[in-house]
Amino acid sequence: MTILLTMLYPVVTVLILLLQAVQHSHRLMSLLGVLHSAATLLITILLVVTPDTWKGGEPLFMIDHLNLLLMLVTGLIFTCASIYAVGYIDGLVRAGELNRRSLRIFYIGFSLLLFATTMAYFAPNVAQYWIFAELTTVFSALLVAILAVKENIDASLKYIFVCSTSMLFSFIGVIFLFELVRQKTGTGSLDWQMILANASTCDSGMLGIACIFCFIGFAAKSGIVPLHTWLPEAHAKAPSAVSAVLSGAILNVGMYGIIRIAGIVHQTTIATQISLLLIIFGMITMSVACFSMLKQTGTKRLIAFSSIENMGFLLLASGIGTPVALFWMLYHMMGHSVVKAGLFFSAGIIHRQYKSHIPGAEDEIGDLFRMQPFAAAAFIIGSVAIIGTPLFPLFLSKFGILLQAGNLSLYIPLLALLLFALAGVAMFRFILAIMGRTFADGEAPVQYIVPMWMKAPVVFLLALSVLMGIMMVPGEEAFFSAAVHDIGIGGGL
Amino acid sequence: MTEIGVIPSLLRICLILVLISAACLLTTRNLSSLVRTYALQSLILVAIAILLGVIEQKNILLLIAGITLASKVIGIPWFITVIQKRIRIQQDLKFSYLQPGGALVVSILLILLVYLCFSRVLHDLVTQNSLFFLGSIIGVSLMLMGLIAIFSRQLAITKVIGYLSMENGVLLFGLFVTELPFITEFVIMVDLIILVLLTTILTVGMDSSIDAYMNRLKEFHLWSEEEVQA
Amino acid sequence: MSLTPFFAGLVNLGFVLLISPLFMTVVKKVKARAQRRAGPPLLQGYYNLAKLFRKEVVYSDYASFISRIAPYASLAILMVATLLVPVIWIPDAAPAEGNIIVFLYLLAFTRFLLALLGLDAGSTFGGMGSSREMSLSAVIEPTTVVVFAVMAYVAGTLSIPEMFRHATTIIPGMSPTALLLAVSLFILIIVETGRVPVDNPETHLELTMIHEGMLLDTSGRNLALFELSHAVKQTLLMALLINMLIPFGIIQEVSIVGLVLAALLFLLKGTALSVLLGIVESSFAKMRFFRVPNLFMLAFFFSALTILSEVMI
C-alpha cells in the first residue's frame with residue numbers, strides 16, 4: 001500500500017514533465033506547475049493521515065515522521081511558490097527580463113527541483129540523500145540563473161561551486177560511515193537506520209571525523225558561516241518565487257542532514273564534542289548574520305541574511321540536543337519556512353514595482369504605502385513575524401529553544417537575545433527608511449498592478465502563520481514528538 | 001619498505017606521481033598545460049584503479065577505470081580545449097590569496113596534517129595494509145590541494161579544474177578505504193555537475209577577454225529592452 | 001698505517017680532474033646538435049684549459065688579494081670535496097674525514113668565494129652576478145638540505161661512502177623514494193651548475209648572466225682554474241646521482257682490472273647523464289629571474305614529498 005502511495009510521487013512528476021515538454025502556452029505551463037506541487041502536497045497529507053501504511057519498514061523509501069513533516073512544509077512552500085509564479089513569471093516576461101524560450105526550462109526545472117527534494121527526504125540511505133541533495137543544488141542553480149544576466153550567472157556559479165565542493169567533503173564522510181558500519185556488521189551499508197543502530201558501538205574517532213566531514217557539506221547547503229557566501233547573492237538575484245523556495249525548502253534539506261547526523265552521534269561518547277561544534281557554529285552564524293543585516297540596503301539581501309540567522313539558530317538548537325529543543329527546532333523550521341516565503345513574496349511585489357533600469361543598482365523604493373499598500377502591509381507583518389513576536393510561531397520556538405539553552409549555559413540565551421534584538425533593529429531600520437521616503441512629483445514609477453495570483457499566497461501564508469502561532473492542530477504535538485523520536489533522541493516532552 | 005612485490009611498488013610510485021601532478025596543477029599558469037596535467041592525473045588514476053583491480057580481483061574497479069578513462073582522460077579535456085579555442089583564454093596569470101610557492105608549502109603542511117589525523121583514526125588500516133593507508137592519505141591530500149587550487153586561482157575554468165582534481169582525490173580515497181557500492185553513481189553525478197559548469201562557461205564566455213564578454217553582455221541587455229508579446 | 005685510503009683518494013682526484021672537462025664538452029655538443037650545429041670536438045674542454053693556462057692574467061685596478069687567491073682556493077676546496085665522494089672505488093677507510101653536510105658546505109664555500117670575487121673587481125656586472133647568485137642559492141638551500149637528508153635517511157648514515165655502499169645492496173628504482181630522489185638530485189645539478197632554465201651558461205649578454213657575471217673580470221690561469229672548478233662541481237654532483245641510483249660497477253676491493261672497468265662504466269654513465277642534461281637544457285627556455293624561485297619551490301615540494309613518502313610508507 002505504501003509502495004503504491006509513494007510511487008505516486010515519481011509517477012506524477014513524470015506525467016507533469018511530459019505535459020510540460022509539449023506545452024506552448026505560458027498559462028498552461030504555470031498551471032501544470034501548480035498542479036504538480038499541489039499533487040505532492042496532497043500525497044504527503046494522505047501519507048500523514050494514514051500512518052499505518054508506512055509504519056513498517058520498506059525497501060525503496062524511508063518514511064517516518066521527520067520526513068513527512070519536512071515534506072509537508074516543502075509541499076506547502078512549493079505550492080504557494082508555483083501559484084505566486086503564475087503571476088510573477090508573467091510579469092517577468094512582460095517586462096522582458098525573462099526570455100520566452102527559457103519558460104519551459106524554468107517550469108521543468110521547478111518540477112525537477114520538487115522531485116529531487118522529495119527523493120532527498122525519502123532517501124533510505126545516505127548515498128541516495130547525497131546524490132539528491134547535489135541534484136537540488138544543480139536544479140536550483142539553474143533556476144537562479146534563468147534570468148541570464150551577468151549577476152545571476154555569477155551568483156549561480158558561486159552557489160554550485162561552494163555547495164558542490166563542500167558536498168565532496170561530505171562524501172568523504174559518507175565513505176567513513178560506510179567503513180564504520182562495515183567494521184561492525186561485515187557488509188557495509190549506508191542505511192540511516194542501520195547507522196543509527198550501530199552508532200553507539202562504533203569507533204568514536206572515526207565516527208567523529210565522519211561527522212565533521214559530513215557536517216561541512218550539509219552546512220554549506222544550509223548556509224552556515226563560513227560556507228554561507230553563496231546565499232545572499234543567490235537569494236537576492238533569483239526571481240522571488242525561486243528565492244522563497246530556496247529559503248523555505250532547500251535550506252531545510254541541508255538542515256535535515258545535520259539533524260540526522262546529530263541524532264546518530266547522540267548516543268556515542270563524542271556527543272558532547274559534536275554538540276559543542278554545532279553550538280559554536282550556530283552562534284557564529286547568528287552573529288555574522290545579525291551584524292551583516294545592519295548594513296544591508298537591498299530588501300531581498302536583508303531577508304536572505306535573516307535566513308542565515310535562522311539557520312544558525314536551528315543549528316544551535318540541534319547542538320543543544322535535548323528532546324524539547326529538537327521539538328521546538330522542528331516547529332521553528334516549519335514556522336520559518338512559512339513566514340520567510342511570505343516575506344519573499346511581498347519583497348517580490350515590491351521589486352516588480354520599483355525595479356531600477358540600471359543593472360546592478362538597488363531598487364529605489366518610495367511612496368510605498370501609496371503605490372503598493374498590500375505589499376507594504378504584508379512586508380511589515382512578515383518582519384514582525386520573523387523577529388519572533390508573540391502570536392506568530394517563531395515566538396514559541398525561540399522561547400522554547402532559549403529556555404533549553406539556558407540549562408546549558410546562561411550566556412547562550414543572553415547572546416542570542418542580543419542578536420535577535422539586533423536583527424529586529426536592522427529590519428525595522430530598513431522598513432522605516434523605505435517607508436518614509438517619497439518621490440518628487442513626476443519621478444515615481446508606474447504603478448504595478450498586482451495580479452490575484454501573487455496576492456493569494458501571501459495572504460494564505462501569513463494567515464497560516466498566525467494560525468500556527470495561536471493554536472496547535474490536534475495530533476500535531478504527538479506527531480512532532482514522534483518525529484523527534486525518529487531522529488534518535490529518545491524521551492518525551 | 002618491507003614489501004618487495006612489483007605491483008605494490010608500482011602503486012606507490014603512481015600515488016606519488018599523483019601528488020606531483022597536483023603540485024603542477026597548483027603552479028602552472030598556462031591553460032593548455034593545466035589541462036594536459038589534469039588529463040595525466042586522471043590517466044595515473046586509471047592505472048591505479050587497474051592495478052588495484054588486479055590485486056583485489058574486483059571487476060567493479062576495472063569498470064571505474066573504464067569510466068574514468070572515457071570521461072576524464074578523453075572527454076573533459078577535449079571539452080575544455082574546445083572552450084579554450086572558442087573563447088580564447090591563454091593564461092591564468094593572477095593568483096589571489098596564495099602565490100604558487102606559498103600554495104606548495106601549505107599543501108605540504110596539509111599532507112602532514114592529514115597523515116597525523118589519519119594515523120590516529122584509521123589504526124587498523126595502518127597495521128593491516130600500509131599501501132591502503134598511503135592511498136587514503138594521498139586521496140584526501142589531493143582533495144585538499146584541489147581546494148587550494150580553487151580558491152587561489154582567478155579564472156573560472158581553472159576553478160573547474162581544481163574541482164575536478166578534488167573529485168579525483170575523493171575517488172582515490174574511496175578506492176582505497178573501502179568498497180563503496182554507490183561509487184559509480186557518485187562519479188556520474190559529479191561529472192554531470194562538471195558538464196553543467198563547463199557548458200555555462202562556454203555559453204556565457206566567462207573567462208574570455210573583456211571585449212568579447214562585453215559583447216555578450218550587450219547581447220543580453222539588448223534582448224531585455226525589446227518588447228515581448230505576452 | 002695503510003696506504004689504501006691515500007691511494008684511493010689520489011685515484012679519485014686524478015680521475016675526476018681528468019674527466020670533468022669531458023662531461024662539460026659532452027653537454028655543449030648535445031646542445032649544439034639540438035640546434036643543428038656540429039658542436040665542438042669532444043676534447044675541446046682540454047684545449048680550452050690549455051689555451052687559458054698559457055695566457056696572461058690581468059687584474060682590475062681595484063682588485064684585492066681575493067682576486068689573486070680565490071681561483072686557487074676554490075679549486076683546492078673542490079679537490080677536498082672530491083676526496084669525500086668516491087667515484088669509482090669505495091675503500092674500507094675513507095681518505096678524508098667528513099660527511100654529506102661537510103660536502104654541502106664545502107660547495108657553499110666555493111660559491112661564497114666566487115661571489116666575493118665578483119664584487120672584488122669593482123664592476124657593476126660582477127656585483128649584479130654576485131647578488132643574483134646569492135639570492136638564488138639562499139632559496140635552493142632548504143631543498144638541498146632536505147634532499148641530502150633523504151639520502152642520509154634512506155641509507156641510515158651521513159657518510160657518503162657508506163651511502164654508496166648501501167646503494168649497492170638494494171635493488172634500485174622500485175620505490176617512489178628512489179624516483180623522487182633522482183628527480184630532486186637532477187634538479188639540484190641544474191641549479192648548482194647554473195644551467196638552463198635557471199641560468200644560461202653560454203650567454204654573452206651581461207644582463208642575463210648569473211654565474212658568468214661573476215667571472216667576467218677573470219682571465220688567463222685564473223679563468224682556467226674557475227672553469228675546472230665548475231666542471232669538477234658538476235662531476236661531483238653527477239657522481240652523487242649516479243652512484244645513488246645505478247651503482248653497479250663501483251668496486252670495493254682494489255684490482256687493476258676492476259679499477260679500469262669501474263672507470264669505463266662511470267665514464268659511460270656520466271656521458272649518458274650529460275647527454276640527458278643537454279637534452280633537458282635544450283628543451284627549456286631560460287626562466288625569468290623572478291620566476292626562478294617558483295621552480296625552487298617545486299623542487300622543495302619534491303624533496304619534502306620524498307621525505308614524507310619515506311615516512312608514510
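Only heavy atoms go into these numbers, but all of them, side chains included; no hydrogens, no water, no symmetry mates. Letters A, B, ... are given to chains in the order of the sequence lines, protein chains preceding strands, and every chain is numbered from 1.
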**Q** Side chain, backbone, both or neither: which part of M143(B) has an atom under 4.5 Å from a heavy atom of chain A?
**A** side chain
**Q** If you define the side chain from C-beta out and look only at heavy atoms, does anything of F171(A) sit under 4.5 Å from V190(B)?
**A** no
**Q** In terms of heavy-atom proximity below 4.5 Å to chain A, should V160(B) be classed as side chain, backbone, both, or neither?
**A**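 Its backbone and side chain both get close to chain A.
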**Q** What are the two closest non-hydrogen atoms of Y163(B) and L168(A), and how far apart are they?
**A**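 Between these two residues, the closest heavy atoms are CE1-CD1, 3.6 Å.
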**Q** Which one wins on heavy-atom pair count under 4.5 Å against chain B: I160(A), I172(A), V138(A)?
**A**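 Heavy-atom pair counts peak at I172(A).
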**Q** Please lay out, stage by stage, how F176(A) and F118(B) fare under the test ring pair (Phe, Tyr, Trp, His ring centres under 6.0 Å).
**A** CA-CA 12 Å; F176(A) 268 120; F118(B) 276 29; 5.8 Å; yes
**Q** Mind checking side chain to side chain contact (heavy atoms under 4.5 Å, CB included) for L43(B) and listing every partner two or more places apart, or none if nothing turns up?
**A**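 Expected list: L69(B), V73(B).
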**Q** Would you give the length of the straight line joining atom CZ of F161(A) to atom CD1 of I193(B), rounded to the nearest 0.5 angstrom?
**A**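 Answer for the CZ-CD1 pair, F161(A) versus I193(B), is 10.5 Å.
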**Q** Side chains of residues 205-214 of chain A: which donor-acceptor pairs under 3.5 Å do they make with residues two or more places apart or in other chains?
**A**
none

**Q** Chain B heavy atoms under 4.5 Å from L135(A): which part of the residue, side chain, backbone, both or neither?
**A**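 Both backbone and side chain.
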**Q** Do L144(B) and F169(A) come close enough that some side-chain heavy atom pair is under 4.5 Å?
**A** yes
**Q** Enter the distance from K159(B):NZ to K158(A):NZ here, rounded to the nearest 0.5 Å.
**A**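 Spacing of NZ (K159(B)) from NZ (K158(A)) equals 9.0 Å.
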